[in-house]
Amino acid sequence: MKHWAFTIALLLWAAASAWAQAPGAAPQAVQTDIPSIYKTLAGYFPVGAAIDPADLSGPHEQMLTMHFDGITSTNEMKWSSIEPAQGRFEFGPADRGVELALSHKMRVRGHTLVYATGQQTPSYAFGDGTNSAANQAIVIANIREHIQSEVQHFGDKVYAWDVVNEPFDPSQADCLAHGPFYQVLGKSYIDVAFQAAREYAPAGTKLFINDYSTNEPNRLGCLLKVVGDLRARGIPIDGVGHQMHNAINYPSVPAMENAIETVRSQFPGLDQQITELDVSVYNGGDTKSNYGRSIPASVLAEQGWLYKSTFDLFRRLKGKISAVTLWGIADDDTWLDRFPVVRTEYPLPFDRQLQAKPAYWGIVDETRLPGYGLKFSAAAAKTQSDTRTITVTATNGDAGPAYASQIKSIGLRPVSAEPRCAAAVSAPASFPVSLGDIPTSGTAAVSIAVTLRGCDPHTRFAFTAAWSSATYETGTFSTTLDIDGDSGEPRR
Ligand code: G3I
């Protein structure tokens, strides 16, 4: 290759790599003419966001203070950040978040005093790692000293602490993750942490145990077992944090509800919070897919409707959950870009340019979701003496396309009691039947062929059609159809 051609190729490659590695296009102006998330939900519960140091200035700070009335430091209050070497404290980055929050009258959750898995924990915390009596005394002292220093530093600026993070492991007989603290102290490391937090934090500070996938029956069972054991032994625990790192297909809303209601019925009076909500656009367990920078609008709409269902649930749980915290603000800064693989994620209410996504509208105003206002109608036409065609028409509202719309199933039964009258669907052969992507204010229709047997000429039928759009927008359309003419085999 000639020297100049090589230089141009090199420059092109450098430009392409710089683009690929760029954290994202510069944020556009913050939208100040849209509703504040926390103000919209003020009648239900406070809404917080996990923050990084980059959220404390510029447009991110503006987003944070406009939409949220609480913060959690993503990493800055973890052991390795606060006390990276024993007795050497680095409170600065966490303090800066706390000061910003308090100057805006936002509440601060502390996360986390003891990380059960040993993540983001310096190795000195575990002593020599053994369960010798001498090392047990060292590790108990380490936990107590770290917790004392941290909770006393923040005092009443922090209203709730995740005292122990991610302690559950349903694959273990005792339901506990056998991490480095457990290796030394067994289950008593949890007691030591909660007792120290109660001893040193100001009275009234809420002490939480915090874990993920609490909707899964085995993890939920472990939560109940471990929390029940702590309470039975008088260990001072005030609340359960459900992280809720969700995915577009998982968990179901009823499964989330079951987790909260089950904990509530077992432990009335125990506080509960959603502590780390985000919604991956990839299915749970899918480590291959990557939309890159071109995510289909249909996926964002689906995520928006899922956010709506999720927040509908949270609103129904008013009084049963005391806060909801999102694990970030906008898609330009999410841990999911690096987990479970490096790829481009879209789990939060705002996009990479800090603009509102359908996920945001799903939280604050469902009427702005694409496909909102989808309506159905149906009419029957006689084809032969004993056959009819029912045309179901979907008419979309003006909020945006209704993606992947479909009729999931239908029901057709005579309104009056006609024992011999029956209607059988001869086409389509199976349901669901697709209506496709219906444009904004557009329509789409499907035809259903029906064969009648033993019906009066003027039998009226109750017709129902269960439908969905963007997966999570669902409904059942009902009407009464006049099915005119002979039905082939007149009822005597
Ligand atoms: O700060 C360093 C930076 O200097 C370095 O260049 C870079 C290279 O990888 O790493 C940076 O540290 C990363 C840190 O996040 C800050 O971005 C760590 O590698 C990375 O491991 C760390 O990940 C955090 C993760 O916890 C670690 O456990 C995520 O940001 C944080 O969102 C995540 O949060 C956890 C909650 O604490 C508990 N629940 C689950 C949740 C998600 O995993």
Side-chain angles (χ1 to χ4, degrees), residues 21-24 48-56 60 64 68 70-85 90 92-94 96-97 108-123 125 146 150 158 160-169 177 179-181 190 193 208-216 219 222-223 239-247 250-251 256 259 272-282 284-285 287 323-349:
Q21 288 164 15
I51 60 160
D52 286 323
D55 296 317
L56 301 181
H60 291 87
L64 175 67
F68 301 97
I71 65 156
T72 304
S73 284
T74 308
N75 291 304
E76 287 62 38
M77 288 194 186
K78 290 171 178 170
W79 194 322
S80 59
S81 303
I82 292 290
E83 195 182 359
E90 295 186 3
R96 285 189 273 282
V108 181
R109 290 193 92 252
H111 173 84
T112 177
L113 296 173
V114 168
Y115 206 142
T117 59
Q119 270 163 272
Q120 293 169 295
T121 309
S123 56
H146 175 72
E150 182 156 5
V158 168
W161 280 102
D162 289 332
V163 177
V164 179
N165 191 51
E166 298 170 16
F168 308 132
D169 182 352
F181 291 109
I190 301 177
F208 277 75
I209 204 162
N210 188 48
D211 216 319
Y212 61 89
S213 300
T214 53
N215 60 282
E216 285 177 14
R219 287 191 85 82
C222 282
L223 185 161
V240 167
H242 303 265
Q243 293 186 3
M244 293 209 186
H245 291 293
N246 294 343
Y250 181 87
M256 297 180 219
Q272 296 193 74
Q273 296 193 350
I274 314 306
T275 52
E276 304 186 13
L277 179 69
D278 48 22
V279 180
S280 168
V281 292
Y282 305 105
T287 55
V324 173
T325 301
L326 286 152
W327 205 241
I329 300 171
D331 293 340
D332 65 335
D333 182 13
T334 168
W335 73 291
L336 290 170
D337 274 347
R338 301 178 300 277
F339 182 89
V341 290
V342 174
R343 61 181 164 191
T344 311
E345 257 286 10
Y346 300 81
L348 293 162

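Quick caveat: nothing in here was measured; it's all calculated off a predicted structure. For the single chain, residues carry numbers from 1 onward in sequence order. Read the numbers this way: they start at 1 and go in the same order the structure lists the ligands and their atoms.
Inside a 4.0 Å radius of atom 3 (C) of ligand 1 there is not any protein heavy atom. Of the protein's heavy atoms, none falls inside 4.0 Å of atom 12 (O) of ligand 1. In this structure, atom 9 (O) of ligand 1 is not in close contact with the protein, since no protein heavy atom lies within 4.0 Å of it. Proximity of atom 36 (C) of ligand 1 to the protein is indicated by at least one non-hydrogen atom lying closer than 4.0 angstrom. Checking atom 6 (O) of ligand 1 against the protein gives no heavy-atom contact under 4.0 Å. For atom 43 (O) of ligand 1, the nearest protein heavy atom is under 4.0 Å away. The presence of a protein heavy atom under 4.0 Å from atom 39 (N) of ligand 1 is confirmed. For atom 30 (O) of ligand 1, a protein heavy-atom neighbour is present inside the 4.0 Å cut-off.
For ligand 1, the atoms lying closer than 4.0 Å to a non-hydrogen atom of Tyr115 are 28 (O), 37 (O), 38 (C). The distance from ligand 1 to the heavy atoms of Gln243 drops below 4.0 Å at these ligand atoms: 38 (C), 39 (N), 40 (C). Of all atoms in ligand 1, numbered sequentially from 1 with element shown, those under 4.0 Å from a heavy atom of Gln119 are 27 (C), 28 (O).
Not one N or O on the side chain of Asn246 forms a donor-acceptor pair closer than 3.5 Å with the backbone of Val279. Not a single donor-acceptor pair under 3.5 Å links the side chain of Asn210 to the backbone N or O of Asp162. At least one donor-acceptor pair under 3.5 Å links the side chain of Thr74 to the backbone N or O of Ile51. Side chain of Ser81 to main chain of Asn75: a donor-acceptor pair is present (N/O by atom type, distance under 3.5 Å, no hydrogens or angles). Side-chain atoms of Arg96 never come within 3.5 Å of backbone atoms of Pro53 as a donor-acceptor pair (strictly under, hydrogens ignored). Remark: the backbone N or O of Val281 is paired with a side-chain donor or acceptor of Glu345 at under 3.5 angstrom. Side-chain N or O atoms of Ser280 include none that pairs as donor or acceptor with a backbone N or O of Ala247 at under 3.5 Å. With hydrogens and angles ignored, the 3.5 Å screen pairs a side-chain donor or acceptor of Arg219 with a backbone N or O of Tyr212.
Between the choices Thr72, Asn75, Thr74, the shortest heavy-atom distance to atom 15 (O) of ligand 1 belongs to Asn75. Across the listed options His111, His245, Gln120, Glu166, Gln120 owns the non-hydrogen atom lying nearest to atom 25 (C) of ligand 1.
When heavy-atom distances to ligand 1 are checked against a 4.0 Å cut-off, Tyr212 has no atom that comes that close, whether in backbone or side chain. In Phe339, neither the side chain nor the backbone holds a heavy atom less than 4.0 Å from any atom of ligand 1. With a 4.0 Å heavy-atom cut-off, ligand 1 is reached by the side chain of Asn165 but not by its N, CA, C or O. By the criterion of a heavy-atom distance under 4.0 Å, neither the backbone nor the side chain of Thr112 is placed next to ligand 1.
Considering only non-hydrogen protein atoms, atom 32 (O) of ligand 1 sits nearest to Trp327 NE1, 2.9 Å. Looking at atom 41 (C) of ligand 1, its nearest protein heavy atom turns out to be Glu276 OE1, 3.4 Å. For atom 17 (O) of ligand 1, the closest heavy atom belonging to the protein is Arg338 NH2, 3.9 Å. Here the heavy atom of the protein found nearest to atom 33 (C) of ligand 1 is Lys78 NZ, 3.7 Å.
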(request) Just do the side chain to side chain donor-acceptor pair (under 3.5 Å) check on Asp332 and His60 with the steps written out, would you? (result) CA-CA 10 Å; Asp332 65 335; His60 291 87; 2.6 Å; yes
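In summary, the side chains of Gln273 and Thr275 do not present any donor paired with an acceptor at a separation below 3.5 Å, with no hydrogens or angles considered.
Taking the six-membered ring for Trp and thresholds of 30 and 60 degrees, His146 and Trp79 have nearly parallel ring planes, at less than 30 degrees apart.
The shortest non-hydrogen separation linking Pro84 to Pro122 is O-CB, 3.5 Å. Heavy atoms only, all atoms of each residue included: Arg109 and Met77 are closest at O-SD, 4.5 Å.
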